[in-house]
Amino acid sequence: MNIFAEFHARIAALLQKMGAEGRLPASLDMARFVVEPPREASLGDLACNAAMVFAKEVKASFSNPRQLAIELAAALSEMPDVDQAEVAGPGFLNIRLKIEVYADILRAILREGQNYGRGASGRFKATKVNVEYVSANPTGPMHVGHGRGAVFGDALANLLEFAGSQVTREYYINDAGAQVDVLARSAYLRYLEALGEAVTVPEGLYPGDYLKPVGAALVAKFGESLRGKAEGEWLAPVRAFAIEAMMDMIRDDLAALNITHEVFFSERSLHDTSNGPSDVATAIEDLRQKGLIYEGRLPPPKGQLPEDWEDREQTLFRSTRFGDDVDRPLRKSDGAFTYFASDIAYHSKKIAAGYDVLVDVWGADHGGYVKRMSAAVAALSDGKVALDVKLCQLVKLMRDGEPVKMSKRSGDFVTLREVVDEVGVDAARFMMIYRKNDAPLEFDLAKVIEQSKDNPVFYVQYAHARAHSVLRQALAVFPGLDVSPARLAEADLALLDDENEWALIKLLAQYPRVVESAASAHEPHRLAFYLHDVASFFHSHWNRGKDQPQLRFVNQDRRDLTCARLALVTGLMNVLASGLSVLGVKAPEEMR
RNA sequence: GGCCCCGUAGCUCAGCCGGAUAGAGCAACUGCCUUCUAAGCAGUAGGUCGCAGGUUCGAAUCCUGCCGGGGUCGCCA
């Protein structure tokens, strides 16, 4: 039950009725106006800007927006659940609901449990959506930056699913470029090492110790059979083996963050020609049919010219037709396809799979790539499929306010796994979502495990634990009390007599709207901030009980009032647990 | 130099496809609590929303141009 969406629909119906009566234009775009919580709670429960938004369209029938607002207010005032509807300022419509509406909402929360807030509501349109995230190169362990994209993508996928979309979580394995050959050579070196040879890792190969077990595993599988062979003979098998080993490691690291992808898509498979033309060739042919491929020259890049720049004619995709800055090459000078060509084929496969929306989560260093990819998706899908690229900024790893040194030299850097092992999944996940994706993130290893109100992870989890603690306490005072949600929903909520109790319920009533807006904006951090707000309000109300014992949730002299308050606490617990689960963070029953 | 992201209180950041007097936490200042409902509480102060224009009933939000920070700039992924 989304009260904001509900009233948006009612007001839209009123406007349509006026349209049918010829007093307004018949085709107003109802998506243009909003029903939202007013800035000041004292103004009411709902605020609507419809009259002002349609100021131009209503000029013929109304002398000013206020007049339309007044008429809407009059109609709304007639509705049984509306206490008061009035017009403020230039035409704001402020609506105050009868208190029973919120009692109903609380009962709905208790009844629906973890389904409260689930499903498409309001503006969010449920679609078939593909979220591609992580896609770290299979050449080594993931670092903290990968972790941010991983957590962001996973939380977004959860959020979209919760909001009603059909979601596929996907990982694109870059297993086709030169870097996996480097991986293979590096692993081969460790293979020789495992056979007893003394090796030093030359410049240009991956030096990390993590390849030593791979070397040993190669010995276990191939024995000495690869020793002394030409590279052409061992490269492919070693490469395949090493990539598989790296992917196993990456999957383990992701599992430690509670992240599981449904699809792992191999870039290499796009180049497979065993069943006719490769997917890359097919995708480019598709674009050629659309007249978007040509042979031509590009102007040299501005600024610092690459050393090996040569002016040559090449195969280009006309991405400028879709808003890109220059047309983009599809073949390297050696004739092989560029990475971009693979990516075109990859997205073409996703489009063919019938997704309405594609989300790519990338590191901020790939920002320059967004326009060409959007152009490609627009071209391939004839503008029917939307691509939203979410760029995640860097993570600055700190400890007690001091930056943690991360030298990439000698492969000695802080891995994602080390961080997760140190602070735990919950802290890692919550902190990485508790920031907009395109803002840099400071991640302080000491602060995220601190048990204080300054630590948002703890603060929100503790609110949930505290709610459970209240229930435990109630059971101690009233042994055998039935505190199941179903039973509490029957409590006499009219006994709730403190305005903050109702304010808390109103905050819980916003949950579906928060889900809707966070999902449609692809911004899971909004949910994290909302949960922090809810926790904050709850803690603050709980603390009032210190000075004013009559406000405490458990009142041993008044079983009926206690039950009403437990209904509130349980509803709150429900929303916190639901939101945390969407973010992939545990909702503990106690903090010990 | 082109393109992308960022610029909001001393610090770290929110501000929901334009909406009402721009918010929170930390730090600062002032009280309270010292034991109950376990990890303090309440309050005060603090902003030219980088700058300058523009769009309109109305701009932190949209547009243009600057300034500052970061990223990126045929064949790497």
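Convention: sequence-line order gives letters A, B, ...; per-chain numbering from 1.
Taking the six-membered ring for Trp, Tyr434(A) and Phe529(A) have ring centres closer than 6.0 Å.
Nearest nucleotide to the Lys546(A) side chain, out of A77(B), G40(B), C13(B): G40(B). Considering only the side chain of Ala439(A), A14(B) comes nearest among C16(B), A14(B), G71(B). Listed nucleotides: G40(B), A20(B), C75(B). Nearest to the side chain of Arg39(A): A20(B). Among the nucleotides A39(B), C13(B), G19(B), the one closest to any side-chain atom of Arg435(A) is C13(B). Nearest to the side-chain atoms of Gln314(A) among the listed nucleotides C76(B), C16(B), G74(B) stands G74(B).
If you find the closest nucleotide of RNA chain B to Phe340(A) and to Met591(A), the one lying nearer the 5' end belongs to Met591(A). Residues Leu441(A) and Gly89(A) each lie close to RNA chain B; by heavy-atom proximity, the contact nearer the 5' end of the strand is made by Leu441(A).
In this structure G68(B) sits in a base pair with C6(B), meeting the Watson-Crick or G-U test at under 3.5 Å. Pairing of A60(B), defined by two Watson-Crick or G-U wobble distances under 3.5 Å, is not identified with any nucleotide. Base-pair partner of G18(B): not found among the strands shown (Watson-Crick or G-U wobble, both distances under 3.5 Å). With a 3.5 Å ceiling on both atom-pair distances, the Watson-Crick or G-U wobble partner of U44(B) is A28(B).
Residue Tyr369(A) is in base contact, counting any heavy-atom pair closer than 4.0 Å across all strands shown. Nucleic acid contact class of Arg328(A) (heavy atoms, under 4.0 Å, all strands): none. Here Arg32(A) lies out of heavy-atom contact (under 4.0 Å) with every strand. Contacts of Ala364(A) with the nucleic acid, taken as non-hydrogen atoms under 4.0 Å apart, involve only primed sugar atoms and P, OP1 or OP2. Across all strands, Glu36(A) comes closer than 4.0 Å to base atoms (heavy-atom distances).
Ring stacking is absent between Phe529(A) and A14(B), as the pair misses the limits of under 5.5 Å between centres and under 30 degrees between planes.
Here A24(B) presents its P atom at 15 Å from CG of Leu507(A), a figure rounded to the nearest Å. One atom, CZ of Arg372(A), and another, C1' of C75(B), lie 12 Å apart when rounded to the nearest Å. Look at CH2 on Trp362(A): it is 15 Å from P on U72(B), rounded to the nearest Å. Look at OH on Tyr171(A): it is 12 Å from C1' on A77(B), rounded to the nearest Å. When the P atom of C17(B) is taken as reference, atom CD of Glu516(A) falls 11 Å away, rounded to whole Å. Per the geometry, CG belonging to Leu531(A) stands 16 Å off P belonging to A14(B), to the nearest Å. Rounded to whole Å, the distance from CZ on Arg297(A) to P on G74(B) is 18 Å. Rounded to whole Å, the distance from CG on Leu68(A) to C1' on C57(B) is 15 Å.
One finds no side-chain N or O of Arg526(A) lying less than 4.0 angstrom from the OP1 or OP2 phosphate oxygen of C16(B). Residue Lys125(A) has no polar side-chain atom (N or O) positioned under 4.0 Å from OP1 or OP2 of C17(B). For the OP1/OP2 pair of U56(B) and a distance below 4.0 Å, the side-chain nitrogens and oxygens of Lys56(A) include no atom meeting the criterion. One finds no side-chain N or O of His468(A) lying less than 4.0 angstrom from the OP1 or OP2 phosphate oxygen of U37(B). Phosphate proximity of A39(B) to Tyr462(A): present, with a side-chain N or O under 4.0 Å from OP1 or OP2. Contact annotation: Lys436(A) does not reach the phosphate of C6(B) (side-chain N/O to OP1 or OP2, under 4.0 Å).
Formation of a donor-acceptor pair under 3.5 Å by the His8(A) side chain with backbone atoms of Phe33(A) is found in this model.
The aromatic rings of Tyr369(A) and Phe340(A) stand perpendicular to each other, their planes meeting at an angle above 60°, with 30° marking the opposite boundary.
Remark: Arg32(A) is not positioned above the aromatic ring of Phe54(A), lacking an NZ or CZ atom under 6.0 angstrom from the ring centre and at most 45 degrees off the axis.
A salt bridge links Glu132(A) to Lys350(A): one of the charged nitrogens lies within less than 4.0 Å of a carboxylate oxygen. Glu523(A) and Lys436(A) are not joined by a salt bridge, as no carboxylate oxygen comes within less than 4.0 angstrom of a charged side-chain nitrogen.
A donor-acceptor contact under 3.5 Å links the side chain of Asn49(A) to the base of G19(B).
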(message) For a side chain to side chain contact (heavy atoms under 4.5 Å, CB included) check, start with the C-alpha distance between Leu475(A) and Arg472(A), then their side-chain angles and the critical distance, and finish with the verdict.
(response) CA-CA 5 Å; Leu475(A) 285 170; Arg472(A) 284 192 294 269; 5.8 Å; no
